[in-house]
Protein chains: 4
Amino acid sequence: MTPQSEEQLMKRQEARRQQILDAALKVFAVRGLHGAKMSLIAEEAKLSAGQLYRFFESKEELFITLIRQVAKETAREIGNIYNLPGSPYRKLRAFTATILEEDGAQYPFKLIQQANTDEQVPDEAKQLLGQFSAKRFVEELLPLFEEGQRVGDFAQGDARELISAFLTILSAVITLNMPLDDDHRLPSADLLMRIVAGPGA
Amino acid sequence: MTPQSEEQLMKRQEARRQQILDAALKVFAVRGLHGAKMSLIAEEAKLSAGQLYRFFESKEELFITLIRQVAKETAREIGNIYNLPGSPYRKLRAFTATILEEDGAQYPFKLIQQANTDEQVPDEAKQLLGQFSAKRFVEELLPLFEEGQRVGDFAQGDARELISAFLTILSAVITLNMPLDDDHRLPSADLLMRIVAGPGA
Amino acid sequence: MTPQSEEQLMKRQEARRQQILDAALKVFAVRGLHGAKMSLIAEEAKLSAGQLYRFFESKEELFITLIRQVAKETAREIGNIYNLPGSPYRKLRAFTATILEEDGAQYPFKLIQQANTDEQVPDEAKQLLGQFSAKRFVEELLPLFEEGQRVGDFAQGDARELISAFLTILSAVITLNMPLDDDHRLPSADLLMRIVAGPGA
Amino acid sequence: MTPQSEEQLMKRQEARRQQILDAALKVFAVRGLHGAKMSLIAEEAKLSAGQLYRFFESKEELFITLIRQVAKETAREIGNIYNLPGSPYRKLRAFTATILEEDGAQYPFKLIQQANTDEQVPDEAKQLLGQFSAKRFVEELLPLFEEGQRVGDFAQGDARELISAFLTILSAVITLNMPLDDDHRLPSADLLMRIVAGPGA
DNA sequence: TATGAATGAGCATTCATTCAT
DNA sequence: CATGAATGAATGCTCATTCAT
C-alpha cells in the first residue's frame, strides 16, 4: 500500500520528471537532437534508460516538452528585466551580464539554437520555437526599448529590429563558446551594449 | 597506364576529392555531424556512396580534412581583407557585409561552429580548431585593428580582445540564422560595426 | 503466525492463485502468448505485477500451469456430457450449443489453439497439449459416439476419427471468430451437427 | 555502371521482394505479429535484417502488404473454383480437397486468422481483412451455391450463411492443425462437405 | 507481505562501411 | 574503377523480472 505519502509521491514524481528535463536540457543543448542518446540523458539524470519512458513517451516527446518549458521560462526570465533597478540601459546591461556570467544560462540558448539549426527537429518543436523565441521575446522587450529610446539610452531606429538583433547576438554569443586563448573570454556585457547604445548611454 | 594520362588522372582525382569536400561542407554545415549522412554527401557530390571511401578512409577523416581545409581557407580569406580599399573601418565593414550577404560564405562559419559546439566531434578536429580558428584569425587581423585604433576607426582597448569578440559575434550571427519575423532579418553589417567602432568612425 | 489462520491463509493463497489463473486465461486467450503482458494479467487479476511472481516463477510457468489446468477442466467438462438429457445426438447438440453460446466457454478453446498454433510456446506446454487435449477428449467421447452410431444418431465409420474431426471443427470455429458481415454469425450448433449426423438424426 | 540489365535488375528486385513476402507469410502465420521477429523473417528469406528495410519501410508495412497480397490471391484462387470440372458439389469438393492437401495452403489462412484474432494488428490491416476475407469470398461463391441449391447439391437456406459457415470451418480446420494421434488426421474433404450437402449430393 | 519503480535484455530500425558485380 | 546492395553495430524503446520501500 505504502499510502503514507500520496502527496509526497506526486512531489517525488514531479522532481524526477524535472530531473530528467534538466539532464535532457544539458545533453540536447550540447550534443543536438541526434547526438543526444537516451542513454546519455539517463546517465546524466542518474537513472536507467528504461525509466525515461515512464515520464516521456518518446525521445521526441521529451524534446518537445523541453523546448516548451525552456521557451516559457526564458520568456518569464526576460520579463523579469523590468524588476531590475535603474534606467533601461542599466536594466538591459544587468540582464545581459547575468546571462553571460550564469553558468547554466547557456543551455537554454544552446538548445533553442540547436533546435533552430537542425533540420530534423519535429514540426511541433519548430512551431513552438516560431511562436515563442523570437517574436515573443521581442514584444516582451519592446516597452523597455521604447522607453530607452525616449530617454536616449538606446539608439534610434526600428525598436523591434534593434531588439531582435541584440537578442540574436546575445543568444549566439552565449551559444558559440568559441575556444579562444586562455586569456580571451567571451565578449563582455559592455561590449554587447554598444550594439544598442544611444547617445545618452 | 597510358603515361600521358598519368597527370590528367591526378588532376581528375584531385578535382573529385575537392568535389566531395565541397559537398561535405554544405551537408555538415547544414545538418551537423550526426545529421550528415554519408549518402547525402555522396548525393550532393553526385557520386556513389562507395566512391567517398576511395578518397577518405571514414566519415571522421572526411570531417577532419574538411575542418583543416576550411580553417586554412578562412584564414587566407581573412588575410585578403588587406586588399580591400579604404580605411581599416571600411575594410572591415566591406568584409563583414560580404560575409553576411554572400550565400555560400556562411558554410565555413557554420561548419566551424558546429565543430565547436558538438561534443561528438573527434578530438583531432577540436585541436585543429583550437590552433587555427580563433588564435590565428585574431593574429591575422591584429595589424588592421592596431592601425584602426591609431586612426580612431576602432575603439581603444586590448585589440586582440576586440577582434575575438567581433569574430565571435560575426560567426555566431552567421550561424544562428534564427527565424525571426518575416520583417526581421539578421543584424546588418552596420550594426555589427558598432561593436568595434571608435570615435572617428 | 496465529495458528487458526494457518488454514485460512492456505485458502486465501489458493484463491489468489486461481484468481491469477482466471485472469491469465482471458488475457492469453485473447492476446496470445506474446501479446499477453504480465502487467495486463496483473491488472485483470486486480493485483500488482510483483504479486504474480509470488505464485508463479515466470510467465512461462504461469502459461504452462494454465494449459495444464485448462486441459484437465475441459476433459472434465466434456465428461459431463453424459449427464445431459436425451439421446447421444441430443447430448452432443446441447453440449455444442452451450459452448457456442456461453461467453466464457470460448477462452479455454482459444487458449489451447493459441498454444497449438504458436511456435514460441514452451515445449512442456506442447507436450501437455499433445497428451491431454486431442487423445484424451476423444477417448472421453468414445462411448457416446459408439452408442450414437448404434442407434443411428451418428454416421458410421471410425468413431475416433469422427470425434476428432468434430472437436477440431468445434474448437476451430470457437477460436476463429472471423468477423463476418453484420448479418452473418458463427455457424450454428445445428450446422455443426451435420458433420456427425447419421440417418436417424 | 553495370547497366547491362536495367530490366533484369527490376526483375531481381521484384523476385527479392516476393522472396521476403514468402518468408514473412510463413513466419507471421506461424508466430503471429509479435512473435515474428524481423531477424527470423530475414533468416527465412536468406537475407540480413537490414535488407528488409530496402523493400519495406517497417514491419508494419511488410505485414500490411502481406495481408493485402494474401487477400487478393486467396480471392483469385477462390474464383478459380468455376474452372474446375463437374457439378457445383464436385467443384467445391475438389477445391476443398486441394486446400486440405496442399502443403503451403495453410499459411495464408493461418495469417488471416492470426490477423483477425490478434488485437494489436494495425488498423489498416484490419480494414483490409474486413473488406476482403469474409464478405468478398462469400460473394465470390454465391453463384456456385445458388446453382448448387437449385440442382439439389447443396442444402437449402440462406446461401450466404451457408457459405460463410463453410468457409469459416474450412479456414479454421486448416489453421488449427491440432496435434492428434499419429493415426488421426485433419477432417477429410468429404467430412466437411456434409456441412453443405443437400439431398442430391 | 504488497507495491510499483527500477533494471536490463531483447527486438525494430538506421546508417557507416565493405565488396561482389 | 564505379556502383549500390549487403552487412552489422549502435540506438530507441518495451516489458519480464527484481527489489527497495
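Below, chains carry the letters A, B, ... as their sequence lines are ordered, and counting in each starts from 1. Worth saying up front: this structure is predicted, and the values here are computed from it rather than measured.
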Taking atom [atom2] of [N] as reference, at what distance in whole Å does atom [atom1] of [X] sit?
| X | N | atom1 | atom2 | answer |
| --- | --- | --- | --- | --- |
| B:L52 | E:dC19 | CG | P | 17 Å |
| B:R16 | F:dT3 | CZ | C1' | 12 Å |
| C:L47 | F:dA16 | CG | P | 16 Å |
| D:E43 | F:dG8 | CD | P | 13 Å |
| A:F56 | F:dT14 | CZ | C1' | 18 Å |
| B:Q19 | F:dA2 | CD | C1' | 14 Å |
| A:R54 | F:dC15 | CZ | P | 15 Å |
| A:L62 | F:dG12 | CG | C1' | 12 Å |

Scan the side chains in residues 40-51 of chain C for donor-acceptor partners under 3.5 Å anywhere in the protein, sequence neighbours excluded, and list what turns up.
residue: C:S48; atom: OG; partner: C:Q51; partner atom: N; Å: 3.4

Non-neighbouring partners of C:E60 that pass side chain to side chain contact (heavy atoms under 4.5 Å, CB included), sequence neighbours left out: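 C:E60: side chain to side chain contact (heavy atoms under 4.5 Å, CB included) contacts with C:S58, C:I64, C:P122.
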Practice item. Identify the heavy atoms of D:P108 and D:V70 that sit nearest to each other, and give their distance. Key: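 Of all heavy-atom pairs spanning D:P108 and D:V70, the closest is CB-CG1, 3.7 Å.
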| task | Quick one: closest heavy-atom pair of D:L66 and D:L21, and the distance? | result |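 In terms of heavy atoms, the two residues are closest at CD1-O, 3.4 Å.
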Residue set satisfying side-chain hydrogen bond (donor to acceptor under 3.5 Å, both in side chains) with A:Q18, at least two apart, ordered chain then number -> A:D22, A:Q69
(request) Name all residues meeting the side-chain hydrogen bond (donor to acceptor under 3.5 Å, both in side chains) criterion together with A:E61; count only those two or more places apart in sequence or in a different chain, and write none if there are none. (result)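 If we apply the side-chain hydrogen bond (donor to acceptor under 3.5 Å, both in side chains) test to A:E61, skipping adjacent residues, there are no hits.
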Identify each donor-acceptor pair in which a side-chain atom of residues 24-39 of chain C lies under 3.5 Å from a protein atom, sequence neighbours left out, and give them as a table.
residue: C:R31; atom: NE; partner: C:G35; partner atom: O; Å: 3.4
residue: C:R31; atom: NH1; partner: D:E119; partner atom: OE1; Å: 3.2
residue: C:H34; atom: NE2; partner: C:Q120; partner atom: OE1; Å: 3.4

Self-check item: 5' priority, DNA chain F, between D:K46 and B:K46 [closest heavy atom]
Solution: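 Mapping each residue to its closest nucleotide by heavy atoms, the 5'-most match is B:K46.
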D:R17 meets the salt bridge (Lys or Arg N to Asp or Glu O under 4.0 Å) criterion, sequence neighbours left out, with none
Applying salt bridge (Lys or Arg N to Asp or Glu O under 4.0 Å) to D:E57 and not counting sequence neighbours gives none
Practice item. Can you tell me which stems involve DNA chain F, if a stem is defined as three or more consecutive Watson-Crick or G-U wobble pairs, both distances under 3.5 Å? Key: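 So the stems come out as E:2-21 with F:2-21.
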Its contact letters, B for base, S for sugar-phosphate only and - for none at protein heavy atoms under 4.0 Å, make nucleotides 10-15 of chain E read -SSBBS
